J.: 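Quick one: this structure, given as structure tokens, is what I'll be asking you about.
Nothing here was measured: the structure is a model prediction, and the numbers come from that model. Values below: all heavy atoms of this structure, side chains included; hydrogens, waters and symmetry mates excluded.
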Amino acid sequence: MRTVVFDLDGTLADTSGDLIAAANACFAARGHEALLDPASDALIAFHGGRAMLMAGYDRLGVPEAEREEMIEADYYPLLAYYGENIDRYTTLYPGAVAAVQTLRAQGYATAICTNKPEGLARDLLAKFAISDLFDALIGADTLPLRKPSPEPYHAAVERAGGTVAASLLVGDTNTDRETARAVGVPCILVTFGPEGRAIERLAPEALLDHFDALPDLAAQMLGSA
């Protein structure tokens with residue numbers, strides 16, 4: 001079965017506001033003002049909790065050894081804060097739901113492969129009532145390895161009932177591009193994330209300016225059913 005695999009943060013949903021808020025809460029707990037901005041630091045947010053903490057403590061000039069200890073100490077409090085406030089600022093990108101619904105109506109399996117912890121990813125889908133739009137979900141902690149290792153992608157496709165050779169990945173970062181390369185499948189990168197069309201530098205098989213175009217792109221890449 002043809003399968004379309006989606007990244008989550010920065011691809012289906014703009015989660016940067018809630019992610020940045022969680023990091024800033026950790027900084028506030030240490031007596032600092034907000035160190036990250038939800039607009040200008042969105043790309044950092046989409047690289048995960050540790051990346052946000054590192055960026056903040058780098059800006060404070062914290063020495064490397066001390067910084068690593070602080071990041072490890074703050075990582076799980078960050079996840080806890082984020083889990084409690086997971087949908088305060090988050091929005092789905094325009095057309096995302098309709099595109100997934102169209103793909104499914106056309107006979108595609110759909111899955112999510114994300115480096116967000118699985119529990120948080122499932123919570124977010126539930127908040128937006130879209131869990132039933134995906135046949136499988138693989139998170140950062142579902143398997144021993146995460147993207148860009150190929151294993152999570154393989155698992156997402158297989159658990160969705162699809163075939164890797166008839167699949168593609170829709171994402172927004174170099175991690176997604178490298179995952180697709182590791183697996184040997186086409187990659188579509190969205191241009192509505194923080195990098196805009198500069199994401200073209202990663203040479204994906206296609207760029208996606210709006211989700212309305214995704215079903216046609218998928219048909220071009222994977223052929224008819």
Side-chain angles (χ1 to χ4, degrees), residues 2-20 23 36-52 54-55 58 89-100 102-103 108 110-116 121 124-125 128 130 133-134 137-140 146-150 152-154 156-157 164 167-222:
R2 296 175 300 164
T3 306
V4 177
V5 180
F6 295 87
D7 176 53
L8 180 53
D9 296 57
T11 300
L12 289 169
D14 182 354
T15 57
S16 58
D18 288 315
L19 290 166
I20 293 291
L36 300 180
D37 179 81
S40 59
D41 292 319
L43 185 58
I44 298 173
F46 293 147
H47 283 90
R50 288 187 172 86
M52 291 188 294
M54 179 177 293
D58 277 348
Y89 305 115
T90 292
T91 58
L92 296 173
Y93 285 112
V97 170
V100 177
T102 297
L103 288 169
Y108 293 84
T110 53
I112 289 176
C113 185
T114 174
N115 278 351
K116 193 185 207 75
L124 186 60
L125 296 187
F128 285 97
I130 58 172
L133 291 183
F134 302 96
L137 187 156
I138 301 295
R146 61 170 64 187
K147 296 185 299 185
S149 294
Y153 184 93
H154 279 271
V157 174
V164 171
S167 71
L168 62 81
L169 174 60
V170 183
D172 70 301
T173 65
N174 188 52
T175 298
D176 297 310
R177 184 70 189 103
E178 290 305 313
T179 301
R181 282 200 178 106
V183 178
V185 296
C187 181
I188 299 173
L189 294 179
V190 304
T191 63
F192 39 77
E195 286 202 61
R197 292 193 68 83
I199 201 73
E200 188 173 9
R201 65 186 172 78
L202 300 178
E205 279 69 31
L207 296 172
L208 184 66
D209 296 325
H210 192 284
F211 269 109
D212 289 352
L214 181 58
D216 285 345
L217 274 177
Q220 291 169 22
M221 294 182 171
L222 300 180

J.: Going through the checks in order, is the side-chain contact (heavy atoms from CB on, under 4.5 Å) test met by Ile199 and Val190?
T.: CA-CA 8 Å; Ile199 201 73; Val190 304; over 6 Å; no
J.: Judged by modelled atom types alone, do Tyr153 and Ser167 share a side-chain donor-acceptor pair under 3.5 Å?
T.: yes
J.: Working to the nearest 0.5 angstrom, can you tell me the gap between Thr175 OG1 and Leu169 CG?
T.: 10.5 Å
J.: Can you tell me how far apart CD1 (Ile20) and OG (Ser40) are? Round to the nearest 0.5 Å.
T.: 8.0 Å
J.: At what distance, to the nearest 0.5 angstrom, does NE2 of His154 lie from CD1 of Ile138?
T.: 12.5 Å
J.: Do the side chains of Met221 and Ile188 get nearer than 4.5 Å, heavy atoms only?
T.: yes
J.: Of all heavy-atom pairs between Phe128 and Thr90, which one has the smallest distance, and what is that distance?
T.: CZ-O, 3.4 Å
J.: State, yes or no, whether a side-chain contact exists between Asp7 and Phe46 at a heavy-atom distance under 4.5 Å.
T.: no
J.: Taking all atoms of both residues into account, what is the closest heavy-atom pair of Ala23 and Met52, and its distance?
T.: CB-CB, 3.9 Å
J.: Show the nearest heavy-atom pair for residues His210 and Gly95, with the distance to one decimal.
T.: CE1-CA, 4.2 Å
J.: According to salt bridge (charged side-chain N to carboxylate O under 4.0 Å, His left out), who are the partners of Asp37, at least two apart in sequence or on a separate chain?
T.: none
J.: Between atom CG of Leu202 and atom OG1 of Thr173, what is the distance when rounded to the nearest 0.5 Å?
T.: 8.0 Å
J.: To the nearest 0.5 angstrom, please state how far the CE atom of Met54 sits from the CD1 atom of Ile44.
T.: 11.0 Å
J.: Supply the atom-to-atom distance Leu125 CG to Leu12 CG, rounded to the nearest 0.5 angstrom.
T.: 8.0 Å
J.: Ion pair present between Glu195 and Arg201, side-chain N to carboxylate O less than 4.0 angstrom?
T.: yes
J.: For the residue pair Leu92 and Val97, establish whether any side-chain heavy-atom pair is separated by less than 4.5 Å.
T.: yes
J.: With a 4.5 Å limit on heavy-atom distance, are the side chains of Pro215 and Leu217 in contact?
T.: no
J.: Checking Asp18 now: which residues fulfil salt bridge (charged side-chain N to carboxylate O under 4.0 Å, His left out) with it, not counting sequence neighbours?
T.: none
J.: Compare all side-chain heavy atoms of Leu207 with those of Pro204 and state whether any distance is below 4.5 angstrom.
T.: yes
J.: Do Leu124 and Leu8 have side chains that approach each other closer than 4.5 Å (heavy atoms only, starting at C-beta)?
T.: yes
J.: Could you pull out all residues at least two apart from Asp9 that satisfy salt bridge (charged side-chain N to carboxylate O under 4.0 Å, His left out)?
T.: Lys116
J.: Taking all heavy atoms of Thr191 and all of Asp209, pick out the closest pair and write down the distance.
T.: OG1-OD1, 2.6 Å
J.: What closest approach, in Å, do Cys187 and Asp176 show between heavy atoms, and which atom pair accounts for it?
T.: SG-O, 4.1 Å
J.: Any ring-ring contact (aromatic ring centres under 6.0 Å, His included) involving residues 179-201? Give me the pairs, sequence neighbours left out, ordered by first then second residue.
T.: Tyr93-Phe192, Phe192-Phe211
J.: Between Tyr108 and Thr3, which heavy-atom pair has the shortest distance, and what is it?
T.: CD2-N, 4.5 Å
J.: Is there a donor-acceptor pair under 3.5 Å between the side chain of Asp172 and the backbone N or O of Gly193?
T.: no
J.: Determine which pairs satisfy side chain to side chain donor-acceptor pair (under 3.5 Å) with at least one residue from residues 43-52, sequence neighbours left out, and list them in order.
T.: Arg50-Glu72
J.: Is there side-chain contact between Leu214 and Phe6, with at least one heavy-atom pair below 4.5 Å?
T.: yes
J.: Is there a side-chain contact between Val4 and Val170 in this structure, where contact means two heavy atoms from C-beta onward sitting under 4.5 Å apart?
T.: yes
J.: More than 12 foreign heavy atoms under 6.0 Å from OH of Tyr89: is that the case here?
T.: no
J.: Can you list the residues that meet the salt bridge (charged side-chain N to carboxylate O under 4.0 Å, His left out) rule with Asp212, with sequence neighbours excluded?
T.: none
